[in-house]
There are 2 protein chains.
Amino acid sequence: MTTAASERILDRLRSDGGRITTVRRAVVTALVEADDHHVTAEALATSVQARHPDVHRSTIYRTLDSLADVGVVDHVHLGHGGAVYHLTEDAHQHLVCTDCGTVVQVPGELFHDLAEQVCDAYGFEIDPRHFAMLGRCAHCAGHAAATI
Amino acid sequence: MTTAASERILDRLRSDGGRITTVRRAVVTALVEADDHHVTAEALATSVQARHPDVHRSTIYRTLDSLADVGVVDHVHLGHGGAVYHLTEDAHQHLVCTDCGTVVQVPGELFHDLAEQVCDAYGFEIDPRHFAMLGRCAHCAGHAAATI
DNA sequence: ATAATTGCAAAGTCTTTGCAGTTTG
DNA sequence: CAAACTGCAAAGACTTTGCAATTAT
């Protein structure tokens, strides 16, 4: 199925006049297999280079860029340092604990009310996913029962 | 009163064993005067160097770091590229339009409900201010009737 | 005096770019 | 074949760091 998913993604490139190359196939495969794992460019490079040692990092970035142009890949900043890349299929939000670094994924719908309020009041249409939200996870905040 | 504000801030450094130097005074002044303007490190450097040409950028960063340690300064990432620094006094959230770059400030309270929901469900205590939220501003989203 | 701060130059991290050669459709 | 993609090396933006000299307390 990862194959089917990969092909679907590659098709987006193809239908945009893009060309399907070994490298692109490898990057997409790595993304599909790593999905929900939020891959850094570095991890992606390592993963791709395991099978295609000569692939240069700039090519990884360029491929990610092309995939982003076509709308199938996006990146998120979880904190300082590198971004993580992921398929756009799953729209979730990231919460990153500033104490222990844990990343919690929460459904995007949680932001629906907020987005509506902000839209009503400011006309601003929030798409909160590009950046993580920082804070403290249940453990570090000492929430045994997880209630405020 | 910017002087009073500056002194209050410098006191935080002092009471932490820090020393008050010309440079630190200049940085704090620039921050106070630029408050609500969200200064980049570069702008801060330029501003400080107007009066003290020999101040090195690394010193600006180190001063910001010290001020952050003491809790009076924080920085926010509005998008790719540099962060903006601001005094911690005003707790607001930044919305950045991905189309035109406009930065909208909204009161932190808007996030109260969301924070509560997330806390209830995940025990995670959100502090959303470190990153901006991206989206499209009223103008770019075509909200003619939006209350601005 | 002595511990903190500074300037400088250099390095570090993450990402982009120019170019010439290679490959895809 | 023409356009798109690739590797390489180099640069770019932003920030951090080691060190010796300076300065605040």
Side-chain angles (χ1 to χ4, degrees), chain A residues 7 9-30 38-46 48-49 51-70 73-85 130-132, chain B residues 7 9-28 30 38-46 48-49 51-70 73-85 101 130-132:
Chain A
E7 286 311 317
I9 290 168
L10 290 168
D11 276 341
R12 302 287 293 267
L13 275 182
R14 226 184 315 252
S15 62
D16 209 58
R19 290 171 183 182
I20 310 307
T21 65
T22 312
V23 175
R24 291 184 161 192
R25 232 176 246 291
V27 170
V28 169
T29 300
H38 310 94
V39 216
T40 61
E42 163 129 29
L44 212 41
T46 304
V48 168
Q49 285 164 354
R51 288 163 174 237
H52 309 276
D54 289 337
V55 174
H56 199 272
R57 199 155 301 185
S58 66
T59 304
I60 303 281
Y61 279 112
R62 278 194 274 230
T63 301
L64 287 170
D65 218 38
S66 304
L67 291 168
D69 280 347
V70 181
V73 159
D74 208 349
H75 70 271
V76 184
H77 299 271
L78 294 185
H80 291 169
V84 296
Y85 296 80
H130 188 71
F131 286 123
Chain B
E7 286 310 315
I9 290 167
L10 290 168
D11 275 342
R12 302 287 293 265
L13 275 181
R14 227 184 312 254
S15 63
D16 210 58
R19 290 170 183 181
I20 311 306
T21 65
T22 311
V23 176
R24 287 182 165 193
R25 232 177 244 291
V27 171
V28 169
H38 310 94
V39 217
T40 61
E42 164 128 28
L44 213 40
T46 303
V48 168
Q49 286 164 353
R51 287 161 175 243
H52 309 276
D54 288 338
V55 172
H56 200 274
R57 199 154 302 187
S58 66
T59 304
I60 303 281
Y61 279 112
R62 280 193 273 227
T63 301
L64 287 169
D65 217 40
S66 304
L67 291 169
D69 280 348
V70 181
V73 160
D74 209 351
H75 70 271
V76 185
H77 299 272
L78 295 185
H80 290 170
V84 294
Y85 296 80
H130 188 72
F131 285 124

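Chain letters run A, B, ... following the sequence lines, proteins first and then strands; every chain starts at 1. Computed from a prediction, not measured in an experiment: that's the story for all the values here.
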Starting at atom CD of A/Gln49, determine the distance to atom C1' of D/dC8, rounded to an integer number of angstrom. 13 Å
Any pair with a residue in residues 54-64 of chain B that passes salt bridge (Lys or Arg N to Asp or Glu O under 4.0 Å), sequence neighbours left out, goes on the list, sorted by first then second residue, please. B/Glu42-B/Arg57
Atom CD1 of B/Ile60 and atom P of C/dC8: how far apart are they, to the nearest Å? 13 Å
Within-4.5 Å side-chain heavy-atom neighbours: B/Leu13 and B/Ile9: no
Hey, what bend do you get for the helix from C/dA1-D/dT25 to C/dG25-D/dC1 if you fit axes on five pairs at each end, rounded to 10°? 30°
Please list all pairs meeting side chain to side chain donor-acceptor pair (under 3.5 Å) that have one or both residues in residues 15-24 of chain B, counting only residues at least two apart or in different chains. B/Arg24-B/Ser66
Could you go through nucleotides 21-25 of chain C and list every protein N or O atom that sits under 3.5 Å from one of its N or O atoms, giving the distance for each pair?
| residue | atom | partner | partner atom | Å |
| --- | --- | --- | --- | --- |
| C/dT24 | O2 | A/Arg19 | NH1 | 2.7 |
| C/dG25 | OP1 | A/Ile20 | N | 3.3 |

Hey, what's the ring geometry for A/His77 with A/Phe131, parallel, tilted or perpendicular (30° and 60° as the breaks)? tilted
Report the residues that fulfil salt bridge (charged side-chain N to carboxylate O under 4.0 Å, His left out) with A/Arg12, sequence neighbours left out, ordered by chain and then residue number. none
If every non-hydrogen atom of A/Ala30 is compared with every non-hydrogen atom of A/Val48, which pair is closest and at what distance? CB-CG2, 4.3 Å
Parallel, tilted or perpendicular: rings of A/Tyr85 and A/Tyr61 (30°, 60°): perpendicular
Hey, are the side chains of A/Arg25 and A/Glu7 touching, using non-hydrogen atoms and a 4.5 Å cut-off? yes
I'd like to compare against my own output: the B/S/- annotation of nucleotides 12-20 of chain C with a strict under-4.0 Å heavy-atom distance to protein. --SBBBB--
Ignoring hydrogens, what is the shortest heavy-atom contact between B/Ile60 and B/Ala45? Give both atom names and the distance. CD1-CA, 3.9 Å
Euclidean distance, atom CG of residue A/Asp69 to atom P of D/dC5 [Å, nearest integer]: 10 Å
Could you tell me if the side chain of A/Leu64 sits less than 4.5 Å from the side chain of A/Leu44, heavy atoms only? yes
